[in-house]
Amino acid sequence: MTATTIPHVPTVRSRSASPASAVPTAGESVFRTRADEVYAQLKRDVADFILVPGDRFTENEISERLGVSRTPVRQALFRLQQEGFVEVLFRSGWRVLPFDFDQFEQLYDLRMVLETTAVHRLCEADRRVDRSLLDALAEIWLVPAAQRSSDTAQVAQWDEAFHCALVAAAGNAEMARVHGDVTDRIRIIRRLDFTQQPRIDATYDEHAKILKAVRANRGDQAAMLLRAHIETSQAEVRKITLHQVHLARHAGKTALR
């Protein structure tokens with residue numbers, strides 16, 4: 001894989017909020033340090049294809065682009081290094097790590113366990129379920145075909161929020177926390193799954209069926225539909241190439257103009 005230098009990006013703000021914010025986590029703190037802000041921005045850069053696998057950069061480049069000192073940049077980068085997003089190069093700055101598809105496979109398997117368990121719990125009569133989250137999902141996914149969004153970035157965010165909301169609605173904060181971490185780590189490849197209209201149409205159809213089964217308290221059916229839905233996405237992940245990532249970056253840069 002040939003490493004490239006990251007292009008200059010004039011803005012440090014994401015074009016839209018992170019979909020994970022659609023489901024707040026219990027005990028989440030509103031106080032954020034400058035290092036936290038840099039960390040969050042760099043993760044958005046990865047998710048928005050501003051930084052792609054193989055890109056090399058220095059702490060000075062990030063400091064200048066974000067308008068901060070090197071200290072919070074270094075702290076954020078070490079945190080990202082621990083999470084497997086970047087690596088430090090001896091006397092050569094930093095590099096965005098290549099995709100680890102074996103790890104993605106494991107994360108998808110974990111995601112499937114968490115989400116199918118959640119929908120089973122949503123359909124158990126003796127459990128407390130956050131129906132407001134399910135009602136909010138219905139307003140997005142149970143709409144006529146003419147009212148469906150064709151905005152790939154928007155649908156990608158809604159897709160992520162859909163799955164997070166299913167887990168959050170089941171009422172287990174620890175499950176939601178672990179699922180949120182998994183969601184965070186597979187975000188970039190999930191977004192690559194929304195580059196073609198047929199995948200958007202299929203997502204609407206599949207989400208609608210899952211949601212209808214949950215609202216009817218048909219747990220086995222909901223879990224079966226959800227498993228098939230995740231397996232389809234997992235199969236698409238195996239087809240991802242670095243060329244697709246660079247095409248996504250080009251499309252993102254065009255949208256910013």
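What you see is a predicted model, and the numbers here were worked out from it, not measured in a lab.
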Practice task
Heavy atoms only: give me the nearest His120-Ala223 pair and the separation to one decimal.
Solution key: NE2-CB, 3.5 Å
Problem - Side chains of Ser63 and Asn60, donor plus acceptor under 3.5 Å - result: no
Problem - Pairwise distance CG(Leu51) to CG(Leu80) - rounded to 0.5 angstrom - result: 9.5 Å
Handout entry: From CA spacing to verdict: side chain to side chain contact (heavy atoms under 4.5 Å, CB included), Leu114, Leu110
Key = CA-CA 6 Å; Leu114 293 170; Leu110 176 56; 4.1 Å; yes
Practice task
Could you check if a side-chain atom of His163 sits within less than 4.5 angstrom of a side-chain atom of Thr183, using non-hydrogen atoms only?
Solution key: no
Completion exercise
Interatomic distance, SG@Cys164 vs NE2@His179, rounded to 0.5 Å, equals 5.5 Å
Problem - Residues Arg111, Glu115: salt bridge by 4.0 Å N-O rule - result: yes
Fill in the blank from the handout: Nearest heavy-atom approach of Ala208 to Trp141 is CB-O, 4.0 Å
Problem - Sub-4.5 Å side-chain heavy-atom contact between Arg185 and Val182 - result: no
Problem - Common cluster, Val88/Ile62, ILVMFWY with side-chain heavy-atom separation under 4.5 Å - result: yes
Handout entry: Electrostatic pair Glu174-Arg177, nearest N-O below 4.0 angstrom
Key = yes
Problem - Sidechain-backbone polar pair: Asp100 side chain, Asp102 backbone, donor-acceptor under 3.5 Å - result: yes
Practice task
Could you tell me whether Asp205 and Arg148 have a side-chain N and a carboxylate O separated by less than 4.0 Å?
Solution key: yes
Exercise for the section: Can you see which heavy atom on Ala47 is nearest to which on Arg187, and at what distance? Expected result: CB-CD, 3.7 Å
Problem - Side-chain donor or acceptor of Asp55 paired with backbone N/O of Val52 under 3.5 Å - result: yes
Fill in the blank from the handout: On a heavy-atom basis, the closest approach of Ala176 and Ala168 is CB-CA, 4.4 Å
Problem - Joint cluster assignment, Val96 & Phe101, ILVMFWY side-chain distance < 4.5 Å - result: yes
Problem - Shared hydrophobic cluster for Phe78 and Leu89 (ILVMFWY, side-chain gaps under 4.5 Å) - result: no
Problem - Separation between NZ of Lys209 and CE of Met224, rounded to the nearest 0.5 Å - result: 9.5 Å
Practice task
Measure the shortest side-chain to side-chain distance between Phe85 and Leu97 over non-hydrogen atoms and say whether it is less than 4.5 angstrom.
Solution key: no
Problem - Student check: side-chain heavy atoms of Thr152 and Arg199 closer than 4.5 Å - result: no
Practice task
Would you confirm whether Tyr204, through its side chain, and Ser149, through its main-chain N or O, come within 3.5 Å as a donor-acceptor pair?
Solution key: yes
Exercise for the section: Verify side chain to side chain contact (heavy atoms under 4.5 Å, CB included) between Leu134 and Leu166, making sure each step is shown before the conclusion. Expected result: CA-CA 7 Å; Leu134 299 180; Leu166 286 180; 4.1 Å; yes
Problem - Phe99 side chain near Ile189 side chain, heavy-atom distance below 4.5 Å - result: yes
Exercise for the section: Check Ala161 against Leu137 and note the closest heavy-atom contact, atom names and distance. Expected result: O-CD2, 4.4 Å
Practice task
Determine, for Lys43 against Glu83, whether the closest basic-nitrogen to carboxylate-oxygen distance falls under 4.0 angstrom.
Solution key: yes
Handout entry: Residue pair Asp36, Gln75: steps toward the side chain to side chain contact (heavy atoms under 4.5 Å, CB included) verdict
Key = CA-CA 9 Å; Asp36 291 334; Gln75 292 172 344; over 6 Å; no
Handout entry: salt bridge (charged side-chain N to carboxylate O under 4.0 Å, His left out) contacts touching residues 67-78 (sequence neighbours left out)
Key = Glu59-Arg70, Glu59-Arg74
Practice task
Indicate yes or no: at least one non-hydrogen side-chain atom of Ile230 is less than 4.5 angstrom from one of Leu226.
Solution key: yes
Problem - Beyond-backbone contact of Ile140 with Phe162, side-chain heavy atoms, under 4.5 angstrom - result: no
Handout entry: Joint cluster assignment, Ile210 & Val113, ILVMFWY side-chain distance < 4.5 Å
Key = no
Completion exercise
The reported gap from CG in Asp159 to CZ in Arg190 (rounded to nearest 0.5 angstrom) is 5.0 Å
Practice task
Would you confirm whether Gln157, through its side chain, and Gln154, through its main-chain N or O, come within 3.5 Å as a donor-acceptor pair?
Solution key: no
Problem - Taking every non-hydrogen atom, the tightest pair across Ala118 and Ala170 - result: O-CB, 3.9 Å
Exercise for the section: Please check if the side chain of Asp184 supplies one atom and the backbone of Asp181 the other of a donor-acceptor pair under 3.5 Å. Expected result: no
Exercise for the section: Kindly compute the distance separating CZ (Arg56) from CZ (Arg95), expressed to the nearest 0.5 Å. Expected result: 6.5 Å
Exercise for the section: With sequence neighbours excluded, tell me which residues meet salt bridge (Lys or Arg N to Asp or Glu O under 4.0 Å) with Arg34. Expected result: Glu37
Problem - Pairwise distance CZ(Arg79) to CG(Leu77) - rounded to 0.5 angstrom - result: 12.0 Å
Problem - Check against side chain to side chain contact (heavy atoms under 4.5 Å, CB included), Glu160 and Val155 - result: CA-CA 9 Å; Glu160 188 172 302; Val155 176; over 6 Å; no
Practice task
Would you check if Gln81 and Trp94 make a side-chain contact, meaning some heavy-atom pair closer than 4.5 Å?
Solution key: yes
